Amino acid sequence: TREQYHFGLLYFTGSGFFNIQMRRIALEKGFTLNEFEILPIGSTGVCGEPILVSSEREIFDILGMEWREPNERDLA
């Protein structure tokens, strides 16, 4: 769907290791991230509503990460 586009794009332009690292950072910051969405994790461990984004850059911003172009996401 349109809401999932930027998450899928991020997922398919990153190496497996890069995706794992982003998901680890998301968990450390209180979110869960996958190829479909990013959700806040409440204090009880229950996920909240998906956060809508309009770009890949917004996902990096939510996680407090420096933006990386797709060609910079091939981490081994």
Side-chain angles (χ1 to χ4, degrees):
T1 66
R2 175 177 277 151
E3 293 82 16
Q4 298 171 341
Y5 174 77
H6 300 291
F7 298 100
L9 188 60
L10 177 62
Y11 176 78
F12 287 109
T13 58
S15 67
F17 182 75
F18 181 79
N19 290 332
I20 290 168
Q21 292 302 99
M22 274 198 87
R23 291 172 189 212
R24 181 187 55 78
I25 290 167
L27 287 172
E28 290 173 358
K29 303 233 175 181
F31 298 95
T32 182
L33 172 67
N34 61 39
E35 64 271 25
F36 304 110
E37 60 194 358
I38 187 168
L39 305 135
I41 301 173
S43 59
T44 61
V46 176
C47 293
E49 292 296 313
I51 299 171
L52 299 177
V53 300
S54 58
S55 69
E56 287 180 289
R57 192 177 296 266
E58 278 188 58
I59 302 167
F60 282 80
D61 289 345
I62 290 167
L63 298 178
M65 293 178 65
E66 183 178 325
W67 165 251
R68 287 183 182 253
E69 293 288 341
N71 65 335
E72 299 172 321
R73 300 177 190 168
D74 190 22
L75 303 177

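Quick caveat: nothing in here was measured; it's all calculated off a predicted structure.
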Show me the pairs that pass ring pair (Phe, Tyr, Trp, His ring centres under 6.0 Å) and involve residues 48-74, at least two apart or across chains. Phe60-Trp67
Do Met65 and Phe31 sit in one hydrophobic cluster, given that two such residues count as connected whenever their side-chain heavy atoms are within less than 4.5 Å of each other, even indirectly? yes
State, to 0.1 Å, how close Gly48 and Leu39 come at their nearest heavy-atom pair, and which atoms those are. O-CD2, 3.1 Å
Sequence neighbours excluded, the answer for side chain to side chain donor-acceptor pair (under 3.5 Å) partners of Glu3 is Thr1
Between Lys29 and Gly64, the two heavy atoms sitting closest are NZ-CA, 4.2 Å
Heavy-atom side-chain contact between Ile62 and Leu33 under 4.5 Å: no
What distance separates Leu52 CG from Ile38 CD1, expressed to the nearest 0.5 Å? 11.5 Å
Could you check if a side-chain atom of His6 sits within less than 4.5 angstrom of a side-chain atom of Glu58, using non-hydrogen atoms only? no
In the single-linkage hydrophobic clustering (I, L, V, M, F, W, Y; side-chain heavy atoms under 4.5 Å), do Leu63 and Ile51 co-cluster? yes
Side chain to side chain, Tyr11 and Met22, heavy atoms closer than 4.5 Å: no
Name all residues meeting the side chain to side chain donor-acceptor pair (under 3.5 Å) criterion together with Glu56; count only those two or more places apart in sequence or in a different chain, and write none if there are none. Arg73
Side chain to side chain contact (heavy atoms under 4.5 Å, CB included) against Ile41, all qualifying residues, sequence neighbours excluded: Leu27, Thr32, Cys47
Under the side chain to side chain contact (heavy atoms under 4.5 Å, CB included) rule, collect the residues that match up with Tyr5, sequence neighbours excluded. Leu9
Look at atom CD of Glu69 and say whether more than 12 heavy atoms of other residues, nucleotides or ligands are closer to it than 6.0 Å. yes
Shortest non-hydrogen contact between Phe18 and Arg68, atoms and distance: CE1-CD, 3.5 Å
For a quick test of reading the model, state the closest non-hydrogen atom pair linking Leu10 to Asn19 and the distance between them. O-OD1, 3.9 Å
Just jot down the side chain to side chain donor-acceptor pair (under 3.5 Å) partners of Glu28, sequence neighbours excluded, or say none. Arg24
